[in-house]
Amino acid sequence: MPELSPWLEVVVAVVAAIAVAVVITAVAALALRLAGRRRAWPKVLVARARIPFRITLTVALVWIAVELTLPGGDWRFLVTLAFRVAFIIAVAWLIAAAAIFLEDMGLGRYRLDVPDNRVARRMQTQVALLRRLTIVVVVILALGAILLSFPGVETLGASILASAGLLSIVAGLAAQSSLANVFAGIQLAFSDAIRIDDVVVVEGEWGRIEEITLTYIVVHLWDDRRLVLPSTWFTTNPFQNWTRRTSELLGAVEFDLDWSVSPDRIRDELTRILAGTELWDRRVSVLQVTDAVGGYVRVRILVTAVDAPTLFDLRCLVREEIVAWLTRESPESVPRDRVQLSRSDAAADRHPVTAQPEPVAGTGTAARGGAGLFTGDDDAKARAGHFTGAISLPGEERDEGRAGPGV
């Protein structure tokens with residue numbers, strides 16, 4: 001039998017290695033499915049890690065086949081380096097897939113589709129952040145292993161370490177805000193301050209936490225807008241978390257009504273309204289008069305609901321029904337402004353003031369002997385002369401003095 005050429009042996013070995021990798025992957029997947037026929041995790045593991053496992057196994061077997069059959073030469077080192085880099089990338093992908101599978105298995109115990117999902121939302125937040133950190137760590141380690149595969153990196157290591165002090169200072173100043181956001185995100189995730197799907201009020205906007213990343217947090221507002229805030233905002237500014245311990249909330253509906261209002265009748269109407277709706281959770285139903293100043297009576301109604309959206313609808317319903325009942329059954333309770341007339345005002349109404357005649361010339365203040373500011377007597381006229389009289393020039397005053405009184 002004639003011997004095969006070296007390159008043909010390489011091709012045959014590579015094809016055989018790929019076939020073995022495919023067979024091993026198929027057998028492993030079948031074994032997992034049969035072993036966990038009544039469980040869901042084998043299917044999840046196969047779906048999550050099948051492709052990276054197959055690629056890792058294929059690269060490893062092909063690398064071995066090429067190393068055994070490839071003829072010697074100066075370019076053999078480049079082929080080995082290429083396989084090494086590919087193997088490191090495949091292994092990093094497989095490790096990341098396995099870590100994500102384990103995190104998903106941990107989250108499988110905590111369901112979000114239950115009424116009390118506070119613990120589940122906390123675990124969802126923490127695991128999501130751990131997943132991103134795991135991927136970052138795996139990528140960094142893979143890049144380090146790839147760089148160490150190239151010759152000359154060891155030589156450059158000394159110079160890199162020598163300049164590490166200056167580089168660390170520069171990098172720290174350049175990435176100060178980014179690192180602050182990263183640590184703020186970790187702090188928020190593990191301090192249980194906010195979680196995925198928490199209802200919060202930030203910057204005067206009401207919404208829920210939709211996404212938590214290493215550097216920013218996305219708040220889904222009530223009108224389908226997205227408010228993107230850096231993680232440091234939540235560690236440096238106060239905000240409201242309506243679902244930190246429980247989703248149940250207490251809300252108020254207030255009215256400014258007339259003094260003739262009957263709180264008992266409104267209280268009966270409130271009982272009827274709440275009994276006919278499923279929005280109320282039957283915990284709290286209170287009507288109180290909290291203020292009575294400024295001509296109005298303030299009536300406050302307190303109701304409760306299972307969560308923030310339900311409470312908003314319940315408050316709107318109560319407000320609408322009470323307004324309709326007031327206008328229909330108790331119009332005297334609608335607020336109005338009152339004006340009280342005194343005795344002098346009433347007398348003026350009975351005896352209206354008649355028009356006075358115009359003053360006749362010669363009957364004014366000066367005619368009656370009184371003095372005004374600028375008229376009526378000599379001092380007033382002299383005072384007026386300071387403003388209306390002619391101003392004499394200095395030369396004219398001297399001429400008048402020489403002319404004498406006869407001029």
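For the residue pair Trp280 and Ser285, the shortest heavy atom distance occurs at CZ2-CB, 3.6 Å. What you find for Ala92 and Ala142 is that their closest heavy atoms are CB-CB, 3.7 Å. Between Leu311 and Val303 the shortest heavy-atom distance is CD1-O, 3.8 Å. For the pair Ala17 and Val62, the tightest heavy-atom approach, listed with the atom from each and the gap, is CB-N, 3.8 Å. Across Thr56 and Ala90, no two heavy atoms sit closer than the pair OG1-O, 3.0 Å. When every heavy atom of Ile217 is checked against every heavy atom of Ser231, the shortest pair comes out as CG1-OG, 4.2 Å.
With 3.5 Å as the limit, one finds no donor-acceptor pair spanning the side chains of Gln240 and Trp206. Side-chain contact of Glu269 with Thr271: a donor-acceptor pair under 3.5 Å is absent, judged by distance alone.
Not one N or O on the side chain of Thr290 forms a donor-acceptor pair closer than 3.5 Å with the backbone of Arg300. The backbone N or O of Leu279 sits less than 3.5 Å from a side-chain atom of Thr277, completing a donor-acceptor pair.
Heavy atoms from other residues, nucleotides or ligands lying under 6.0 Å from OH of Tyr216 number 12 at most. The environment of CG in Leu141 is crowded: more than 12 heavy-atom neighbours from other residues, nucleotides or ligands sit within 6.0 Å. By the 6.0 Å contact criterion, OH on Tyr296 is enclosed, its count of non-hydrogen atoms from other residues, nucleotides or ligands being greater than 12.
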Applying salt bridge (charged side-chain N to carboxylate O under 4.0 Å, His left out) to Arg225 and Glu205, what does each step give before you reach the verdict? CA-CA 10 Å; Arg225 290 179 295 151; Glu205 300 283 357; 3.1 Å; yes
Applying salt bridge (charged side-chain N to carboxylate O under 4.0 Å, His left out), run through Asp198 and Arg195 and close with a yes or a no. CA-CA 6 Å; Asp198 267 346; Arg195 300 171 296 267; 3.3 Å; yes
Kindly indicate, with the supporting measurements, whether the criterion side chain to side chain donor-acceptor pair (under 3.5 Å) is fulfilled by Thr213 and Glu211. CA-CA 7 Å; Thr213 67; Glu211 184 180 1; 5.7 Å; no
Start with the C-alpha distance between Ile100 and Ile135, add both sets of side-chain angles, then the distance that settles side-chain contact (heavy atoms from CB on, under 4.5 Å), and finish with yes or no. CA-CA 9 Å; Ile100 293 175; Ile135 294 175; 4.1 Å; yes
Just do the side-chain contact (heavy atoms from CB on, under 4.5 Å) check on Asp291 and Asp256 with the steps written out, would you? CA-CA 9 Å; Asp291 208 348; Asp256 286 335; over 6 Å; no
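To the nearest 0.5 Å, atom CD of residue Glu321 and atom CG of residue Leu326 are 11.5 Å apart. Atom CG of Asp281 is separated from atom CD of Glu278 by 12.5 Å, given to the nearest 0.5 angstrom. The line from CD1 of Ile266 to CD1 of Ile322 is 6.5 Å long, rounded to the nearest 0.5 Å. The line from CG of Leu188 to OG1 of Thr235 is 6.0 Å long, rounded to the nearest 0.5 Å. Atom CZ of Arg54 is separated from atom CD1 of Ile18 by 12.0 Å, given to the nearest 0.5 angstrom. Note that CD1 of Ile194 is 4.5 Å distant from CD1 of Ile209, once rounded to the nearest 0.5 Å.
With sequence neighbours left out, Asp307 forms a side chain to side chain donor-acceptor pair (under 3.5 Å) with Thr310.
In summary, Arg267 and Asp264 engage in a salt bridge, as defined by a charged side-chain N under 4.0 Å from a carboxylate O.
Taking the six-membered ring where tryptophan is involved, the planes of Trp63 and Phe87 are tilted, since the angle between them lies from 30° to 60°.
Side-chain contact between Arg50 and Thr25 is present, with heavy atoms from C-beta onward closer than 4.5 Å.
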